[in-house]
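Here is the structure we will look at, set down as C-alpha coordinates.
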Number of protein chains: 2
Amino acid sequence: MNKPDDGGKSVRRRAGRPLSFDRDEALEQAMLLFWRHGYETTSINDLTRAMRITAPSLYTAFGDKRRLFLEAAQRYAGDPEASAAAIDNAPTACEAARSILQSAVVTFTGETTPRGCLLASATASGSSSAADVQDVVAGYRQHLRERVRARIERDIADKILPTETDAAALAGMVMAVLQGLSVLARDGASRASLSDIVDTALNAWPTARQS
Amino acid sequence: MNKPDDGGKSVRRRAGRPLSFDRDEALEQAMLLFWRHGYETTSINDLTRAMRITAPSLYTAFGDKRRLFLEAAQRYAGDPEASAAAIDNAPTACEAARSILQSAVVTFTGETTPRGCLLASATASGSSSAADVQDVVAGYRQHLRERVRARIERDIADKILPTETDAAALAGMVMAVLQGLSVLARDGASRASLSDIVDTALNAWPTARQS
DNA sequence: CTAGTTTCGTAACGATCGCTATGAATAAAC
DNA sequence: GTTTATTCATAGCGATCGTTACGAAACTAG
(Lines give C-alpha, C1' and ligand atoms only; values in the text may rest on other atoms or scores of the structure.)
Protein backbone atom coordinates (compact mmCIF):
# COMPACT_ATOMS: atom_id res chain seq x y z
CA MET A 1 0.00 0.00 0.00
CA ASN A 2 0.91 3.60 -0.55
CA LYS A 3 4.32 3.65 -2.12
CA PRO A 4 6.72 6.13 -0.58
CA ASP A 5 4.70 8.91 -2.09
CA ASP A 6 3.42 9.82 -5.53
CA GLY A 7 4.52 13.34 -4.99
CA GLY A 8 1.16 14.21 -6.43
CA LYS A 9 1.74 12.36 -9.66
CA SER A 10 0.86 8.70 -9.84
CA VAL A 11 3.93 6.57 -10.31
CA ARG A 12 3.58 3.25 -12.01
CA ARG A 13 4.12 0.35 -9.65
CA ARG A 14 7.11 -1.75 -10.57
CA ALA A 15 5.78 -5.19 -9.82
CA GLY A 16 5.64 -7.62 -6.91
CA ARG A 17 3.29 -8.52 -4.14
CA PRO A 18 1.47 -5.54 -2.67
CA LEU A 19 1.84 -4.44 0.93
CA SER A 20 -0.76 -6.20 3.04
CA PHE A 21 -0.87 -3.47 5.69
CA ASP A 22 -1.42 0.26 5.86
CA ARG A 23 2.04 1.73 6.32
CA ASP A 24 0.67 4.94 7.78
CA GLU A 25 -1.48 3.13 10.31
CA ALA A 26 1.44 0.90 11.29
CA LEU A 27 3.60 3.97 11.83
CA GLU A 28 0.86 5.49 13.97
CA GLN A 29 0.81 2.44 16.21
CA ALA A 30 4.61 2.48 16.47
CA MET A 31 4.50 6.15 17.44
CA LEU A 32 1.96 5.46 20.17
CA LEU A 33 4.11 2.67 21.55
CA PHE A 34 7.30 4.74 21.55
CA TRP A 35 5.31 7.54 23.14
CA ARG A 36 4.14 5.33 25.94
CA HIS A 37 7.22 3.23 26.61
CA GLY A 38 10.18 5.13 25.17
CA TYR A 39 12.70 4.36 22.48
CA GLU A 40 15.08 1.76 23.88
CA THR A 41 12.51 0.30 26.24
CA THR A 42 10.18 -0.60 23.39
CA SER A 43 11.19 -3.87 21.74
CA ILE A 44 10.79 -4.96 18.15
CA ASN A 45 8.52 -7.67 19.47
CA ASP A 46 6.30 -5.05 21.14
CA LEU A 47 6.25 -3.05 17.93
CA THR A 48 5.38 -5.89 15.59
CA ARG A 49 2.52 -6.92 17.85
CA ALA A 50 1.07 -3.40 17.98
CA MET A 51 1.66 -2.73 14.30
CA ARG A 52 0.22 -6.12 13.41
CA ILE A 53 3.07 -6.93 11.06
CA THR A 54 5.98 -9.33 11.22
CA ALA A 55 9.56 -8.33 11.88
CA PRO A 56 10.74 -8.68 8.26
CA SER A 57 7.84 -6.49 7.12
CA LEU A 58 8.85 -3.88 9.65
CA TYR A 59 12.44 -3.88 8.47
CA THR A 60 11.59 -3.68 4.78
CA ALA A 61 9.08 -0.91 5.37
CA PHE A 62 10.96 1.22 7.90
CA GLY A 63 14.63 0.23 7.74
CA ASP A 64 15.47 -0.51 11.34
CA LYS A 65 14.32 0.39 14.83
CA ARG A 66 16.26 3.62 14.84
CA ARG A 67 14.78 4.91 11.60
CA LEU A 68 11.32 3.75 12.60
CA PHE A 69 11.60 5.78 15.78
CA LEU A 70 12.90 8.84 13.97
CA GLU A 71 10.01 8.63 11.54
CA ALA A 72 7.58 8.22 14.42
CA ALA A 73 9.13 11.21 16.19
CA GLN A 74 8.79 13.27 13.03
CA ARG A 75 5.16 12.25 12.79
CA TYR A 76 4.65 13.21 16.42
CA ALA A 77 6.33 16.59 15.99
CA GLY A 78 4.09 17.45 13.07
CA ASP A 79 4.76 20.02 10.40
CA PRO A 80 7.58 22.27 11.61
CA GLU A 81 6.59 25.08 9.28
CA ALA A 82 3.06 25.08 10.59
CA SER A 83 4.16 25.39 14.21
CA ALA A 84 6.71 28.01 13.25
CA ALA A 85 3.99 29.97 11.51
CA ALA A 86 1.74 29.68 14.55
CA ILE A 87 4.45 31.22 16.68
CA ASP A 88 5.18 34.00 14.24
CA ASN A 89 1.53 34.81 13.60
CA ALA A 90 0.51 35.01 17.24
CA PRO A 91 -0.38 38.54 18.34
CA THR A 92 2.40 38.55 20.92
CA ALA A 93 5.19 36.28 22.07
CA CYS A 94 3.27 35.74 25.27
CA GLU A 95 0.24 34.54 23.36
CA ALA A 96 2.49 32.30 21.28
CA ALA A 97 3.89 30.80 24.47
CA ARG A 98 0.41 30.40 25.87
CA SER A 99 -0.72 28.64 22.74
CA ILE A 100 2.27 26.31 22.77
CA LEU A 101 1.82 25.41 26.41
CA GLN A 102 -1.94 25.05 26.41
CA SER A 103 -1.82 22.94 23.26
CA ALA A 104 0.78 20.80 24.96
CA VAL A 105 -1.48 20.39 27.98
CA VAL A 106 -4.20 19.04 25.73
CA THR A 107 -1.81 16.71 23.93
CA PHE A 108 -0.19 15.50 27.13
CA THR A 109 -3.50 14.59 28.72
CA GLY A 110 -5.33 13.08 25.74
CA GLU A 111 -7.54 10.16 26.67
CA THR A 112 -6.77 8.13 23.58
CA THR A 113 -3.03 8.74 23.60
CA PRO A 114 -0.22 8.12 26.10
CA ARG A 115 0.33 10.83 28.67
CA GLY A 116 3.14 13.33 28.46
CA CYS A 117 5.34 14.20 25.52
CA LEU A 118 7.05 11.69 23.26
CA LEU A 119 9.95 14.04 22.62
CA ALA A 120 10.36 14.70 26.33
CA SER A 121 10.26 11.16 27.63
CA ALA A 122 11.13 8.67 24.91
CA THR A 123 14.84 9.48 25.03
CA ALA A 124 15.05 11.16 28.43
CA SER A 125 17.57 8.52 29.33
CA GLY A 126 19.28 5.76 27.46
CA SER A 127 22.44 3.85 26.80
CA SER A 128 25.44 5.32 25.02
CA SER A 129 24.53 3.46 21.86
CA ALA A 130 21.41 5.58 21.48
CA ALA A 131 23.22 8.88 21.85
CA ASP A 132 22.61 9.84 18.24
CA VAL A 133 18.87 9.32 18.58
CA GLN A 134 18.87 11.42 21.74
CA ASP A 135 20.68 14.14 19.83
CA VAL A 136 18.05 14.20 17.11
CA VAL A 137 15.26 14.55 19.65
CA ALA A 138 17.21 17.23 21.48
CA GLY A 139 17.39 19.00 18.13
CA TYR A 140 13.59 19.20 18.01
CA ARG A 141 13.64 20.92 21.38
CA GLN A 142 16.44 23.29 20.40
CA HIS A 143 14.60 24.23 17.25
CA LEU A 144 11.43 25.15 19.13
CA ARG A 145 13.41 26.98 21.77
CA GLU A 146 15.16 29.09 19.17
CA ARG A 147 11.85 29.86 17.48
CA VAL A 148 10.37 31.08 20.74
CA ARG A 149 13.43 33.12 21.55
CA ALA A 150 13.32 34.80 18.14
CA ARG A 151 9.64 35.59 18.64
CA ILE A 152 10.37 37.18 22.01
CA GLU A 153 13.13 39.31 20.54
CA ARG A 154 10.71 40.50 17.91
CA ASP A 155 8.41 41.69 20.69
CA ILE A 156 11.33 43.44 22.34
CA ALA A 157 12.17 45.19 19.08
CA ASP A 158 8.50 46.13 18.73
CA LYS A 159 8.51 47.64 22.24
CA ILE A 160 5.90 45.14 23.33
CA LEU A 161 8.39 43.83 25.84
CA PRO A 162 10.85 45.86 27.91
CA THR A 163 14.22 46.31 26.28
CA GLU A 164 15.96 44.71 29.24
CA THR A 165 13.98 41.49 28.79
CA ASP A 166 16.20 38.40 28.78
CA ALA A 167 14.82 36.64 25.72
CA ALA A 168 16.93 33.53 26.16
CA ALA A 169 15.88 33.07 29.77
CA LEU A 170 12.23 33.66 28.94
CA ALA A 171 12.33 31.18 26.09
CA GLY A 172 14.15 28.78 28.36
CA MET A 173 11.41 29.11 30.95
CA VAL A 174 8.79 28.27 28.35
CA MET A 175 10.76 25.19 27.37
CA ALA A 176 11.32 24.17 30.97
CA VAL A 177 7.62 24.45 31.77
CA LEU A 178 6.80 22.57 28.57
CA GLN A 179 9.07 19.67 29.44
CA GLY A 180 7.98 19.75 33.05
CA LEU A 181 4.32 19.51 32.09
CA SER A 182 5.15 16.22 30.41
CA VAL A 183 6.44 14.79 33.65
CA LEU A 184 3.44 16.04 35.62
CA ALA A 185 1.09 14.63 33.00
CA ARG A 186 2.82 11.26 33.24
CA ASP A 187 2.41 11.42 36.99
CA GLY A 188 -1.34 11.68 36.49
CA ALA A 189 -2.03 15.41 36.75
CA SER A 190 -5.39 16.45 35.35
CA ARG A 191 -5.77 18.60 32.29
CA ALA A 192 -7.29 21.39 34.35
CA SER A 193 -4.47 21.44 36.88
CA LEU A 194 -1.87 21.60 34.13
CA SER A 195 -3.77 24.41 32.48
CA ASP A 196 -3.66 26.32 35.76
CA ILE A 197 0.06 25.75 35.95
CA VAL A 198 0.48 27.28 32.50
CA ASP A 199 -1.51 30.33 33.52
CA THR A 200 0.54 30.65 36.66
CA ALA A 201 3.83 30.37 34.82
CA LEU A 202 2.82 32.98 32.29
CA ASN A 203 2.47 35.48 35.11
CA ALA A 204 6.24 35.61 34.86
CA TRP A 205 5.92 37.29 31.51
CA PRO A 206 7.26 40.85 31.60
CA THR A 207 4.88 43.72 30.91
CA ALA A 208 5.65 46.89 29.04
CA ARG A 209 5.05 49.23 31.94
CA GLN A 210 7.71 47.48 33.95
CA SER A 211 10.37 49.13 31.81
CA MET B 1 26.20 -8.69 53.47
CA ASN B 2 25.67 -6.17 56.17
CA LYS B 3 23.56 -7.65 58.89
CA PRO B 4 20.33 -5.75 59.46
CA ASP B 5 22.15 -2.85 61.03
CA ASP B 6 24.59 -2.02 63.77
CA GLY B 7 22.21 0.50 65.06
CA GLY B 8 25.25 2.63 65.73
CA LYS B 9 26.82 0.07 68.02
CA SER B 10 29.33 -2.31 66.53
CA VAL B 11 27.95 -5.80 66.37
CA ARG B 12 30.25 -8.76 66.42
CA ARG B 13 30.69 -10.20 62.94
CA ARG B 14 29.24 -13.66 62.63
CA ALA B 15 31.83 -15.32 60.46
CA GLY B 16 32.75 -15.75 56.82
CA ARG B 17 34.90 -14.07 54.24
CA PRO B 18 34.83 -10.28 54.49
CA LEU B 19 33.50 -8.04 51.77
CA SER B 20 36.31 -7.11 49.39
CA PHE B 21 34.67 -3.88 48.26
CA ASP B 22 33.24 -0.74 49.82
CA ARG B 23 29.50 -1.19 49.63
CA ASP B 24 28.88 2.54 49.89
CA GLU B 25 31.31 3.36 47.11
CA ALA B 26 29.81 0.66 44.90
CA LEU B 27 26.34 2.11 45.48
CA GLU B 28 27.67 5.54 44.58
CA GLN B 29 28.96 4.28 41.26
CA ALA B 30 25.67 2.53 40.57
CA MET B 31 23.80 5.74 41.32
CA LEU B 32 25.98 7.69 38.90
CA LEU B 33 25.36 5.13 36.18
CA PHE B 34 21.58 5.07 36.69
CA TRP B 35 21.70 8.85 36.76
CA ARG B 36 23.46 9.02 33.41
CA HIS B 37 21.80 6.18 31.55
CA GLY B 38 18.49 5.49 33.26
CA TYR B 39 17.04 2.49 35.01
CA GLU B 40 16.15 -0.04 32.34
CA THR B 41 18.80 1.18 29.92
CA THR B 42 21.59 0.45 32.36
CA SER B 43 22.58 -3.22 32.27
CA ILE B 44 23.92 -5.39 35.05
CA ASN B 45 27.07 -5.70 32.99
CA ASP B 46 27.44 -1.91 32.92
CA LEU B 47 26.86 -1.80 36.65
CA THR B 48 29.32 -4.51 37.61
CA ARG B 49 32.00 -2.84 35.51
CA ALA B 50 31.46 0.56 37.11
CA MET B 51 31.07 -0.84 40.61
CA ARG B 52 34.14 -3.04 40.10
CA ILE B 53 32.41 -6.10 41.48
CA THR B 54 31.09 -9.29 39.94
CA ALA B 55 27.45 -10.04 39.32
CA PRO B 56 27.08 -12.47 42.24
CA SER B 57 28.56 -9.87 44.59
CA LEU B 58 26.07 -7.33 43.32
CA TYR B 59 23.16 -9.66 43.92
CA THR B 60 24.23 -10.70 47.39
CA ALA B 61 24.93 -7.10 48.40
CA PHE B 62 21.92 -5.37 46.85
CA GLY B 63 19.30 -8.01 46.08
CA ASP B 64 18.52 -7.42 42.44
CA LYS B 65 18.63 -4.63 39.88
CA ARG B 66 15.33 -3.18 41.02
CA ARG B 67 16.35 -2.91 44.66
CA LEU B 68 19.77 -1.59 43.72
CA PHE B 69 18.12 1.17 41.74
CA LEU B 70 15.68 2.02 44.51
CA GLU B 71 18.56 2.24 46.96
CA ALA B 72 20.50 4.42 44.51
CA ALA B 73 17.46 6.65 44.05
CA GLN B 74 17.11 6.98 47.81
CA ARG B 75 20.75 7.93 48.04
CA TYR B 76 20.27 10.49 45.28
CA ALA B 77 17.20 11.99 46.94
CA GLY B 78 19.04 12.48 50.20
CA ASP B 79 17.50 12.90 53.59
CA PRO B 80 13.81 13.71 53.13
CA GLU B 81 13.56 15.28 56.56
CA ALA B 82 16.44 17.63 55.83
CA SER B 83 14.88 18.86 52.60
CA ALA B 84 11.51 19.16 54.29
CA ALA B 85 13.08 21.24 57.04
CA ALA B 86 14.79 23.45 54.47
CA ILE B 87 11.44 24.19 52.90
CA ASP B 88 9.72 24.84 56.19
CA ASN B 89 12.52 26.98 57.58
CA ALA B 90 12.86 29.22 54.55
CA PRO B 91 11.73 32.80 55.23
CA THR B 92 9.02 32.56 52.57
CA ALA B 93 7.61 29.95 50.23
CA CYS B 94 9.13 31.90 47.37
CA GLU B 95 12.57 31.68 48.93
CA ALA B 96 12.00 27.98 49.52
CA ALA B 97 11.16 27.54 45.86
CA ARG B 98 14.17 29.60 44.86
CA SER B 99 16.39 27.47 47.04
CA ILE B 100 15.00 24.25 45.61
CA LEU B 101 15.38 25.39 42.04
CA GLN B 102 18.79 27.00 42.35
CA SER B 103 20.12 24.00 44.22
CA ALA B 104 18.75 21.83 41.46
CA VAL B 105 20.51 23.96 38.86
CA VAL B 106 23.81 23.35 40.63
CA THR B 107 23.13 19.62 40.92
CA PHE B 108 21.94 19.29 37.33
CA THR B 109 25.06 20.95 35.92
CA GLY B 110 27.74 19.45 38.15
CA GLU B 111 30.97 18.76 36.33
CA THR B 112 31.72 15.51 38.12
CA THR B 113 28.18 14.11 37.89
CA PRO B 114 25.80 13.34 35.05
CA ARG B 115 23.63 16.21 33.86
CA GLY B 116 20.00 16.57 34.79
CA CYS B 117 18.05 14.85 37.52
CA LEU B 118 18.13 11.13 38.23
CA LEU B 119 14.55 11.17 39.47
CA ALA B 120 13.40 13.07 36.39
CA SER B 121 15.10 11.04 33.70
CA ALA B 122 15.95 7.55 34.92
CA THR B 123 12.36 6.36 34.71
CA ALA B 124 10.90 8.98 32.39
CA SER B 125 9.95 6.12 30.11
CA GLY B 126 10.10 2.39 30.39
CA SER B 127 8.43 -0.90 29.72
CA SER B 128 5.35 -2.07 31.58
CA SER B 129 7.45 -4.40 33.70
CA ALA B 130 9.10 -1.40 35.35
CA ALA B 131 5.84 0.32 36.24
CA ASP B 132 6.35 -0.23 39.95
CA VAL B 133 9.76 1.40 39.88
CA GLN B 134 8.32 4.34 37.99
CA ASP B 135 5.66 4.64 40.65
CA VAL B 136 8.22 4.82 43.43
CA VAL B 137 10.12 7.58 41.66
CA ALA B 138 6.87 9.42 40.96
CA GLY B 139 6.25 9.20 44.69
CA TYR B 140 9.42 11.20 45.35
CA ARG B 141 8.10 13.92 43.10
CA GLN B 142 4.65 13.89 44.65
CA HIS B 143 6.15 14.15 48.09
CA LEU B 144 8.18 17.21 47.21
CA ARG B 145 5.25 18.75 45.40
CA GLU B 146 3.03 18.32 48.42
CA ARG B 147 5.67 19.82 50.68
CA VAL B 148 5.93 22.88 48.48
CA ARG B 149 2.18 23.25 48.28
CA ALA B 150 1.86 23.09 52.05
CA ARG B 151 4.58 25.73 52.42
CA ILE B 152 2.74 28.01 50.00
CA GLU B 153 -0.51 27.58 51.89
CA ARG B 154 1.28 28.55 55.07
CA ASP B 155 2.33 31.80 53.39
CA ILE B 156 -1.25 32.37 52.32
CA ALA B 157 -2.45 31.85 55.87
CA ASP B 158 0.27 34.22 57.06
CA LYS B 159 -0.92 36.87 54.60
CA ILE B 160 2.44 36.78 52.85
CA LEU B 161 0.64 35.66 49.74
CA PRO B 162 -2.76 36.86 48.48
CA THR B 163 -5.66 34.80 49.72
CA GLU B 164 -6.72 34.02 46.16
CA THR B 165 -3.34 32.40 45.39
CA ASP B 166 -3.71 28.98 43.79
CA ALA B 167 -1.28 27.01 45.93
CA ALA B 168 -1.60 23.82 43.91
CA ALA B 169 -0.91 25.58 40.63
CA LEU B 170 2.02 27.48 42.09
CA ALA B 171 3.54 24.33 43.52
CA GLY B 172 2.89 22.62 40.22
CA MET B 173 4.74 25.36 38.41
CA VAL B 174 7.74 24.90 40.67
CA MET B 175 7.70 21.18 39.97
CA ALA B 176 7.29 21.71 36.24
CA VAL B 177 10.23 24.10 36.12
CA LEU B 178 12.26 21.71 38.25
CA GLN B 179 11.64 18.78 35.94
CA GLY B 180 12.09 20.97 32.88
CA LEU B 181 15.47 22.20 34.10
CA SER B 182 16.60 18.59 34.07
CA VAL B 183 15.81 18.29 30.38
CA LEU B 184 17.52 21.56 29.55
CA ALA B 185 20.56 20.54 31.57
CA ARG B 186 20.73 17.26 29.66
CA ASP B 187 20.53 19.21 26.44
CA GLY B 188 23.67 21.05 27.47
CA ALA B 189 22.38 24.32 28.94
CA SER B 190 24.92 26.17 31.06
CA ARG B 191 24.55 26.62 34.77
CA ALA B 192 24.22 30.39 34.32
CA SER B 193 21.46 30.10 31.75
CA LEU B 194 19.48 27.73 33.95
CA SER B 195 19.92 30.07 36.88
CA ASP B 196 18.48 32.88 34.78
CA ILE B 197 15.53 30.68 33.90
CA VAL B 198 14.84 30.11 37.58
CA ASP B 199 14.92 33.84 38.26
CA THR B 200 12.61 34.42 35.34
CA ALA B 201 10.15 31.76 36.45
CA LEU B 202 10.02 33.12 39.98
CA ASN B 203 8.72 36.40 38.58
CA ALA B 204 5.46 34.50 38.38
CA TRP B 205 5.31 34.46 42.15
CA PRO B 206 2.38 36.50 43.46
CA THR B 207 3.08 39.55 45.61
CA ALA B 208 1.07 40.71 48.59
CA ARG B 209 0.08 44.05 47.14
CA GLN B 210 -1.65 42.28 44.26
CA SER B 211 -4.43 41.20 46.58
C1' DC C 1 43.60 -27.60 64.34
C1' DT C 2 38.37 -28.34 62.63
C1' DA C 3 33.84 -26.71 61.72
C1' DG C 4 30.83 -23.27 60.16
C1' DT C 5 29.77 -19.14 57.53
C1' DT C 6 30.17 -15.85 54.02
C1' DT C 7 32.17 -13.98 49.68
C1' DC C 8 34.86 -14.92 45.86
C1' DG C 9 35.41 -15.77 40.54
C1' DT C 10 33.91 -18.72 36.83
C1' DA C 11 30.66 -20.14 34.03
C1' DA C 12 26.40 -20.66 32.39
C1' DC C 13 21.21 -20.74 32.67
C1' DG C 14 16.76 -19.57 29.92
C1' DA C 15 14.79 -15.54 27.92
C1' DT C 16 14.88 -11.79 25.09
C1' DC C 17 17.37 -8.41 22.27
C1' DG C 18 17.73 -6.37 17.24
C1' DC C 19 17.91 -8.27 13.00
C1' DT C 20 17.92 -11.39 8.78
C1' DA C 21 18.39 -15.71 5.62
C1' DT C 22 15.21 -18.39 3.20
C1' DG C 23 11.73 -19.85 0.27
C1' DA C 24 6.78 -19.75 -0.67
C1' DA C 25 3.19 -16.43 -2.18
C1' DT C 26 1.38 -12.69 -5.01
C1' DA C 27 1.46 -9.20 -7.95
C1' DA C 28 2.82 -6.68 -12.76
C1' DA C 29 5.31 -6.99 -17.20
C1' DC C 30 5.94 -9.50 -21.35
C1' DG D 1 1.58 -18.94 -20.07
C1' DT D 2 6.86 -17.30 -18.27
C1' DT D 3 9.64 -13.91 -16.19
C1' DT D 4 10.63 -10.52 -12.86
C1' DA D 5 9.86 -8.05 -8.72
C1' DT D 6 8.24 -7.46 -4.21
C1' DT D 7 6.16 -9.05 0.24
C1' DC D 8 4.91 -12.77 2.92
C1' DA D 9 5.57 -16.06 7.21
C1' DT D 10 8.74 -19.16 9.44
C1' DA D 11 12.54 -19.83 11.74
C1' DG D 12 16.68 -18.75 13.62
C1' DC D 13 21.08 -15.96 13.78
C1' DG D 14 24.71 -14.11 17.39
C1' DA D 15 24.61 -11.06 21.21
C1' DT D 16 23.03 -9.54 25.37
C1' DC D 17 19.55 -9.49 29.04
C1' DG D 18 18.88 -10.38 34.39
C1' DT D 19 20.02 -13.87 37.28
C1' DT D 20 22.10 -17.87 39.63
C1' DA D 21 24.57 -22.72 40.55
C1' DC D 22 28.83 -24.11 41.78
C1' DG D 23 33.03 -24.84 44.22
C1' DA D 24 37.22 -22.65 45.79
C1' DA D 25 38.79 -19.06 49.02
C1' DA D 26 38.83 -16.42 53.33
C1' DC D 27 37.26 -15.29 57.44
C1' DT D 28 35.36 -16.33 62.76
C1' DA D 29 34.08 -19.54 66.46
C1' DG D 30 35.23 -23.29 69.24
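Protein chains get the first letters and strands the later ones, always in sequence-line order, with residue 1 at the start of each.
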Once you round it to whole Å, what is the distance between P of D:dT20 and CG of B:Leu58?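 Distance, rounded to whole Å: 11 Å.
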Rounded to whole angstroms, how far apart are CG on B:Leu68 and P on D:dT19?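 From B:Leu68 CG to D:dT19 P: 10 Å.
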Which atom names give the shortest non-hydrogen contact between [X] and [Y], and what distance separates them?
X        : Y        : result
B:Ile197 : A:Ala176 : CG2-CB, 4.4 Å
B:His37  : A:Gly126 : ND1-O, 3.0 Å
B:Tyr140 : B:Ala73  : OH-C, 4.1 Å

Is the ring pair A:Tyr39/A:Phe69 parallel, tilted or perpendicular, if the boundaries are 30 and 60 degrees?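 Tilted: the ring planes of A:Tyr39 and A:Phe69 meet at 30° to 60°.
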Using only heavy-atom distances, determine whether the side chains of A:Ser43 and A:Asp46 contain a donor-acceptor pair under 3.5 Å.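 A:Ser43 vs A:Asp46: donor-acceptor pair found between side chains.
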Looking just at side-chain N and O atoms, do A:Gln142 and A:Glu146 make a donor-acceptor pair shorter than 3.5 Å?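 Result is no, nothing qualifies.
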Checking A:Thr109 side chain against A:Arg191 main chain: does a donor-acceptor pair fall under 3.5 Å?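 Pair absent, no side-chain N/O of A:Thr109 close to backbone of A:Arg191.
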OP1, OP2 of D:dT7 versus side-chain N and O of A:Ser20: anything below 4.0 Å?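 A:Ser20 to D:dT7 OP1/OP2: no side-chain N or O under 4.0 Å.
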Taking only side-chain N and O atoms of A:Ser57, does any of them lie within less than 4.0 angstrom of OP1 or OP2 on D:dC8?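 A:Ser57 to D:dC8 OP1/OP2: side-chain N or O found under 4.0 Å.
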Strictly under 4.0 angstrom, non-hydrogen atoms only: write out the protein contact profile of nucleotides 13-19 of chain C, one letter per nucleotide from the 5' end, B, S or -. ----SSB
Side chain of A:Phe21: nearest nucleotide among C:dG4, C:dT10, D:dC8?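 Closest nucleotide to the A:Phe21 side chain: D:dC8.
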Considering only side-chain heavy atoms of A:Pro56, which listed nucleotide, D:dT7, D:dT20, D:dA9, is closest?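 Selected nucleotide: D:dA9.
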Could you pull out the protein-nucleic contacts involving nucleotides 24-26 of chain C (nitrogen or oxygen on both sides, under 3.5 Å)?
residue	atom	partner	partner atom	Å
C:dT26	O2	A:Arg17	N	3.3

Return all side-chain donor-acceptor pairs below 3.5 angstrom for residues 165-175 of chain A, not counting sequence neighbours, or 'none' if the list is empty.
residue	atom	partner	partner atom	Å
A:Thr165	OG1	A:Pro162	O	2.7
A:Asp166	OD1	A:Ala168	N	3.2
A:Asp166	OD1	A:Ala169	N	3.1

